[in-house]
Amino acid sequence: EGRDETRKAFLTDLAVNQHGVASTQNQAFNALLFLFRHILKRDYDLKDRVVRAKMSKYIPTVLTREEVDAVLAELDDPFGLIVSMLYGCGLRLGECLNLRVSDLDFGENLVVVHDGKGKKDRSVPMPQKLKAQLERQVARVGKQLERDLKSWDFGGVFMPEALSRRRAVKEAKDFQWQWVFPSKLLTLVPKEGLYRRYHCYRQHVSPVIRKAVKKARIPKHVTAHTFRHSFASHLLAANVDLRTIQDLLGHSDIKTTMIYTHTVKSRTRKEMVSPLDL
């Protein structure tokens, strides 16, 4: 009974004293539920004795198309291309920075996102307006790789952890594994005595976006994720079907996608397109 009261106090504290949102409290509750049901093999029921956190009525910040263009006008490459991908493909910043050369399918006009949030792969249309820019970016990456390969202590790029060590070492210098948006500097790996290249750091992207928003005189709180929100809202405004938008965003639950119905009035349209091409 004492332990039960402790668990009750912990969950209540999240809502009352720490002002946690409902999703935070639910995550803690589900973790305890998993522990009891699957590890301890016991029933777990706090009934109605826990103060529940209130569901947030969060509505995402969305830019108009004119505001998106105004921000892009203040950005130099590669940051302009990165933000264009966030908006044009609905990518999370981490998904964009983790793109490798092989993830760009110029033949099928697709961008393949591996291991997105929730470890789910998906593909999204490559905006036609970005195809030439992406081809030039990939060409720059190829020239950079040529320079890197001239150094005896270049070990290649950092490889996915899922690959075997033997394959990671063998293929780290292959063009297909190079980052689309590589870091300017190499990183020394002391254990190997080699230098490897990582992708562009998100810490470098966010300040550039804030500066561009300020220059564009947009009175909104804009982050990298705002462009993903704008992607979804603009497609909804263009009458693209909500289920299609769910697939493009990689949402597991349609309820997550439905938040964008609060940002725009919409009809429906089935085909998959990029808002950059509307």
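A heavy-atom distance below 4.5 Å is found between the side chains of L97 and I82. For the pair W179 and N98, the minimum side-chain heavy-atom distance is below 4.5 Å. L81 is listed as a side-chain neighbour of L134, based on a closest heavy-atom distance under 4.5 Å. V141 places a side-chain heavy atom less than 4.5 Å from the side chain of P182. By the 4.5 Å heavy-atom criterion applied to side chains, Q246 and D241 are not counted as neighbours. V62 places none of its side-chain heavy atoms less than 4.5 Å from the side chain of F231. Annotation: side chain of L99 is in contact with side chain of L91 (closest heavy-atom distance under 4.5 Å). With contacts defined as side-chain heavy-atom distances shorter than 4.5 Å, the pair E95/V113 qualifies.
Between L93 atom CG and S206 atom OG the span is 6.0 Å, to the nearest 0.5 Å. A distance of 6.5 Å separates OG1 in T223 from NE2 in H229, rounded to the nearest 0.5 Å. Considering CG of L104 and CE of M126, their distance stands at 5.0 Å, rounded to 0.5 Å. From L185, atom CG reaches atom OG1 of T187 across 7.5 Å, with rounding to the nearest 0.5 Å. Put simply, CZ on F181 and NE2 on H199 are 11.5 Å apart, with the number rounded to the nearest 0.5 Å. Once rounded to the nearest 0.5 Å, the distance linking CG of L186 with OG of S151 reads 7.5 Å.
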Report task. Assess whether side-chain contact (heavy atoms from CB on, under 4.5 Å) is satisfied between V208 and K211, documenting all intermediate values. Result -> CA-CA 5 Å; V208 172; K211 186 176 180 180; 5.8 Å; no
Report task. Before giving the answer on side-chain contact (heavy atoms from CB on, under 4.5 Å), spell out for T61 and T226 the whole-Å C-alpha distance, their side-chain angles and the decisive distance to 0.1 Å. Result -> CA-CA 6 Å; T61 298; T226 302; 4.2 Å; yes
Query raised in the report: Which is it for L63 and F227 under the side-chain contact (heavy atoms from CB on, under 4.5 Å) test, yes or no, and what are the steps along the way?
Result: CA-CA 7 Å; L63 299 176; F227 297 94; 3.7 Å; yes
Query - Test log, rule side-chain contact (heavy atoms from CB on, under 4.5 Å), inputs C200 and V205 - result: CA-CA 8 Å; C200 179; V205 179; 4.0 Å; yes
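The hydrophobic cluster containing F175 does not contain L163, counting ILVMFWY residues as joined when their side-chain heavy atoms lie under 4.5 angstrom apart, directly or transitively. In this structure, L236 is a member of the same hydrophobic cluster as I254, with clusters built from ILVMFWY side-chain heavy atoms closer than 4.5 Å. Both F79 and V222 sit in one connected hydrophobic cluster of ILVMFWY residues. Membership requires side-chain heavy atoms under 4.5 Å apart, directly or through other members. With hydrophobic clusters built from ILVMFWY side chains whose heavy atoms lie under 4.5 angstrom apart, L149 shares a cluster with L188. V101 and L110 fall into different hydrophobic clusters, where Ile, Leu, Val, Met, Phe, Trp and Tyr are joined by side-chain heavy atoms under 4.5 Å apart, directly or via other members.
Taking R202 as the reference, nothing meets the salt bridge (Lys or Arg N to Asp or Glu O under 4.0 Å) condition, with sequence neighbours excluded. A search for salt bridge (Lys or Arg N to Asp or Glu O under 4.0 Å) contacts involving R100 returns nothing, not counting sequence neighbours. Take R228 and apply the salt bridge (Lys or Arg N to Asp or Glu O under 4.0 Å) test, not counting sequence neighbours, and it matches no residue.
At most 12 non-hydrogen atoms from other residues, nucleotides or ligands lie less than 6.0 angstrom from OH of Y195. In the displayed structure, K215 atom NZ is contacted under 6.0 Å by at most 12 heavy atoms of other residues, nucleotides or ligands.
No side-chain donor-acceptor contact under 3.5 Å links K173 to the backbone of V157. Using a distance-only test at 3.5 Å, with no hydrogens or angles considered, no donor-acceptor pair links the side chain of W177 to the main chain of S102. Judged by distance alone, with hydrogens and angles left aside, the side-chain atoms of R197 form no donor-acceptor pair with the main-chain N or O of G155 at under 3.5 Å.
Nearest heavy-atom pair across V124 and L248 is CG1-O, 3.5 Å. The shortest heavy-atom contact between V111 and M85 is CG2-CE, 4.1 Å. Of all heavy-atom pairs spanning A212 and L75, the tightest one is CB-CD2, 3.6 Å. Considering every non-hydrogen atom in both D277 and P127, the closest pair reads OD2-CA, 3.3 Å. In terms of heavy-atom proximity, L86 sits nearest to A224 at CD1-O, 3.7 Å. Across all non-hydrogen atoms, the minimal contact from P125 to C89 is O-SG, 3.8 Å.
For the 3.5 Å distance criterion, the side chains of D103 and H114 qualify, holding a donor opposite an acceptor.
For residues 157-168, the set of pairs meeting the side-chain hydrogen bond (donor to acceptor under 3.5 Å, both in side chains) definition, not counting sequence neighbours, comprises R167-E171. Among residue pairs with one or both ends in residues 68-89, those qualifying as side-chain hydrogen bond (donor to acceptor under 3.5 Å, both in side chains) are R65-D69, Y87-H234; sequence neighbours excluded. Identified under the side-chain hydrogen bond (donor to acceptor under 3.5 Å, both in side chains) test for residues 129-141, with sequence neighbours left out: N109-K131, Q137-R140.
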